[in-house]
*Asks:* 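Questions regarding the structure given below will be posed in turn.
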Amino acid sequence: MKRNPRKVKWTKAYRAARGKDLTNDTTFELERKRNRPERYNRETMQKTLKAMERITEIRNKRENRFIANRLKTRKKQERELARKTLDQEIHLVKSPAAVKTKSADKVKTPVEKVRRRNKDAMQE
């Protein structure tokens, strides 16, 4: 069965199209296949091997930075979701009796503040 590679999730084409992989990096150009025969030279061979090590090091750093940037947004979303659930379920953290005794010193959660602002805006 033929499938479009950009729609099959495990392909490189899918990951590149959705921005999941680091695709347009200059270090990938150095891996191209070259068909021209080269004369063997010890010095150029040593330089090439050192350069290959450095290039892999650079590529790994860039990949790690790319992944970290992708994960930053998820951490921020999780933090906001945790705050929201805490504001909505504050009765599980503080007992209702403690909230009743402090009716004069009632603690306003951010959700209540936003609701009050919305009510005031609607009344105007």
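Throughout, residue positions are numbered sequentially from 1 according to the sequence presented. This is a predicted model, so every value here is computed, not measured.
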*Asks:* How far does NZ of Lys47 sit from CG of Leu49, to the nearest 0.5 angstrom?
*Replies:* 13.0 Å
*Asks:* Could you go through the side chain to side chain contact (heavy atoms under 4.5 Å, CB included) check for Glu63 and Asn60 one step at a time?
*Replies:* CA-CA 5 Å; Glu63 285 177 358; Asn60 289 337; 4.1 Å; yes
*Asks:* Residues sharing Tyr14's hydrophobic cluster, by side-chain heavy-atom contacts under 4.5 Å among ILVMFWY, directly or via others?
*Replies:* none
*Asks:* Before giving the answer on side chain to side chain contact (heavy atoms under 4.5 Å, CB included), spell out for Arg62 and Arg59 the whole-Å C-alpha distance, their side-chain angles and the decisive distance to 0.1 Å.
*Replies:* CA-CA 5 Å; Arg62 287 181 182 175; Arg59 183 180 302 139; 5.8 Å; no
*Asks:* Any side-chain heavy-atom pair from Lys72 and Asn69 closer than 4.5 angstrom?
*Replies:* yes
*Asks:* Would you compute the distance between atom CG of Asn64 and atom NZ of Lys61 and round it to the nearest 0.5 angstrom?
*Replies:* 10.0 Å
*Asks:* Checking one residue: Ile67. Which other hydrophobic residues are in its cluster under the side-chain 4.5 Å linking rule?
*Replies:* Leu71
*Asks:* Before giving the answer on side chain to side chain contact (heavy atoms under 4.5 Å, CB included), spell out for Lys50 and Arg54 the whole-Å C-alpha distance, their side-chain angles and the decisive distance to 0.1 Å.
*Replies:* CA-CA 6 Å; Lys50 285 183 181 179; Arg54 179 73 178 133; over 6 Å; no
*Asks:* For residues 3-12, which residue pairs pass the salt bridge (Lys or Arg N to Asp or Glu O under 4.0 Å) check, not counting sequence neighbours?
*Replies:* Lys12-Asp21
*Asks:* Does this structure show an ion pair linking Arg74 with Glu78, if we count only N-O contacts that are shorter than 4.0 Å?
*Replies:* yes
*Asks:* Check whether more than 12 heavy atoms from other residues, nucleotides or ligands sit under 6.0 Å from atom CZ of Arg42, and answer yes or no.
*Replies:* no
